Amino acid sequence: MFLSSLLTGSFLAVLANGAAVAADQVGDLAPRTDSRGPVLNIVAPNITSKWFEGSNYVQIIEMFVENTDDKEYVTSGNGLQISVRSSSLDTVVPGTLKRLAPKQSAIVQVGVRNKRGVKPGTACSAEIVPEYRGRHSAGNSAKVSGSCGIGDFEESVQSVQSHTNPDWFNDAKYGIFIHWGVYAAPAYGNVGDKENYAEWYWNWMHRKGDKTATYEYHLETYGQDFNYDDFFSNFTDKKFDPKAWVDLFSDAGAQYFVPTTKHHDGFAIFNCSESISRRSSVHYGPKRDFIGDLFAAARKHQPHLRLGTYFSMPEWYNPAYKPYGSGSFPGGPPTNPYTGAELEYTGYVEVDDFVRDIQLPQMKTLAYEYGVDIMWCDISGSPNNMTILAAPWLNWARDHRRQVTFNNRCGLKGDFDTPEYTTNNETVERKWEASRGMDPHSYGYNYQTPDDKYLTGENITRTLVDIVSKNGNFLLDIGPAHDGSIPEIMQKGLRDAGRWIKGHGEAIFDTRYWKVTPGVDPLRYTTTRDAFYIHHLGAPSVSLSIPDPVPYLPGDKVTVVGGKQHGKSVPVSWDGIGKLTLKLSDEVIKGDEYVWAFKIEYK
Ligand SMILES: *[C@@H]1O[C@H](CO)[C@@H](O)[C@H](O)[C@H]1NC(C)=O
Ligand SMILES: *[C@@H]1O[C@H](CO)[C@@H](O)[C@H](O)[C@H]1NC(C)=O
Ligand SMILES: *[C@@H]1O[C@H](CO)[C@@H](O)[C@H](O)[C@H]1NC(C)=O
Ligand SMILES: *[C@@H]1O[C@H](CO)[C@@H](O)[C@H](O)[C@H]1NC(C)=O
Ligand SMILES: *[C@@H]1O[C@H](CO)[C@@H](O)[C@H](O)[C@H]1NC(C)=O
Ligand SMILES: *[C@@H]1O[C@H](CO)[C@@H](O)[C@H](O)[C@H]1NC(C)=O
């Protein structure tokens, strides 16, 4: 918030002298980098619940560092070190920055550990102190308080909501979402303007005149006596190849995947205790634990992939959901929409309470037995026992040195927000993950969607770059067919995008957003501690002017990232912040596809 107000006007003075000059001719215009360094502010620091991945629980304190000066840069020459002073904490990994342009800010992390005798989870406070080389003050220190050490979460909303998404999730950027279940048998959601989620087929069946016309379609295609549960036997594993699935996700460049384990129809495709429900692929149809097989294949063949599980909190027509039912989730038993006859809820086991006896135990199974990294719930606001699940699960994961995360649809605020079939048009500071299908409007497979309506490699790449530049992750959905095959058109789009993503990974993964909105549409930016990345959506022209105050300084190396000219040096001209121009040769322009990326490596 504070930065948008800073980024107006102040650097214009630097630009007042006009015409562009080559970087090596810069004289009077050169910024001051010789003094001790600009005055910094530490803004909005937090003692987080996360630790450096792979470390011995080195806790992360995270903050924005703001350069208050309107001319002077922070450079590596300043030797910035940010540490904490506290009676509870020692600084283990001081915060550093190699570059911070005038009036800009960046995220910095400091690693700390409790002093001897201070128990993990102790309420504590600390002072955050920025210093330049030689222990000269670098500006204003800040106070922070919170929980020192990676302590226990308690079964309370407040405690569980103090959890933060782990850095690996922020680094991973791109995941594959999979909607696969009984609804893949009819695979119908209408087309054109009226297209809608195919995985909602059973619910649409009950809505005569609804835009998907599923009520009419089902009657004509299957007849009034064919009930939704009759599709169970058409949901098969005939072409299901878990290794081929996870190899595809890896080829796609994804870092995680999130299959539906149970959608609103209540049909689970994982192995949950039959004393609470037999409505699953383990008991009906293929008699197979699909999630178990998929996770085993990932762990064996693509162990870098993190594992998530989509889980629907309610079930539309579960008889035990009746006491909680409302709106689209009335509870059961289900009825035949044509005759009104009451139907069996196949696989139903009588329980006392839906939340306590079905939802919570199934989530526990996913959390502990399947060992998920991401609990991706759906239908926030439905009754739940998430605090009871989350606190012991987070503590257990911590004891196993694992940092797990959950979204904002489990009934609590969660670790990240989840825009659906839309994206944030601006940077949003709270972590978010946008999802959509490769289909124009369905997560589940819709056999009617023509191939040319699916997202292409180019669409995926542009969307990913756009989302990542705004602090988001992209969870891109595929809808496998009823027999476990993944339609060719989906595979093609994923592999095309994967080629680009793998070639440009350093400009995507492990990056952070830059808090400046691009001045012209095709530009996007990402940052790391050592470099700044400029992305151009689509082919750039030979002279690419960057109107935004990118933190370039003479002496930095500018190179092409990805494509046939990867690593090639790019000549630039620069006459002050906000006036960088890249000179691109024909080979560079012809050397890539979809999105062109350039790296400014700080000297
Ligand atoms: C610290 O937490 C507050 C409140 O959740 C948030 O607004 C702020 O952005 C956080 N600071 C950082 C550096 O993430
Ligand atoms: C379901 O399977 C039956 C028997 O194999 C077959 O006759 C029917 O056409 C299938 N229906 C669908 C929707 O695939
Ligand atoms: C499901 O779990 C039960 C109990 O652990 C086990 O006996 C059974 O073989 C599993 N079924 C499948 C299909 O994995
Ligand atoms: C757990 O769920 C039950 C049933 O919905 C509810 O009565 C209870 O308040 C919930 N407990 C918590 C801590 O959420
Ligand atoms: C982003 O902009 C589009 C088009 O104007 C709009 O439909 C969408 O709702 C916006 N997204 C958000 C999260 O506001
Ligand atoms: C995908 O790319 C095509 C061709 O560039 C474009 O017409 C279409 O609008 C894009 N679709 C989306 C959803 O971005």
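First listed ligand is number 1; within each ligand, the first listed atom is number 1. If you're wondering where the values come from, they're calculated on a predicted model, not measured in any experiment.
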Quick one: does any side-chain atom of [X] pair with a main-chain N or O of [Y] as donor and acceptor, under 3.5 Å?
X	Y	answer
Asp417	Trp432	no
Trp245	Leu294	no
Gln161	Lys413	yes

Query raised in the report: Mind checking whether Tyr310 and His264 have parallel, tilted or perpendicular rings, split at 30° and 60°?
Result: tilted

Query raised in the report: When you look at NZ of Lys502, are more than 12 heavy atoms from neighbouring residues, nucleotides or ligands closer to it than 6.0 Å?
Result: yes

Query raised in the report: Just wondering, more than 12 heavy atoms not from Lys211 lying within 6.0 Å of its NZ?
Result: yes

**Report entry** Numbering as shown, the atoms of ligand 3 that approach Asn271 to under 4.0 Å (heavy-atom distance)
**Finding:** 1 (C), 2 (O), 3 (C), 8 (C), 10 (C), 11 (N), 12 (C), 14 (O)

Report task. Just jot down the ligand 3 atoms closer than 4.0 angstrom to any heavy atom of Asp289, in number order. Result -> 13 (C), 14 (O)

Query raised in the report: Ion pair present between Asp171 and Arg306, side-chain N to carboxylate O less than 4.0 angstrom?
Result: no

Requested in this report: Show the protein residues that qualify under the rule heavy atom under 4.0 Å from an atom of ligand 6, listing them in chain and number order.
Outcome: Arg436, Leu455, Asn459

Report task. Say whether Thr423, considering both its backbone and side-chain N or O atoms, lies within less than 3.5 Å of an N or O atom on ligand 5. Result -> yes

Query raised in the report: Considering only heavy atoms of Asn424, which atoms of ligand 5 have at least one such atom less than 4.0 Å away?
Result: 13 (C)

Report summary line: disulfide bond (SG atoms under 2.5 Å apart) filter on Cys272, not counting sequence neighbours, yields none

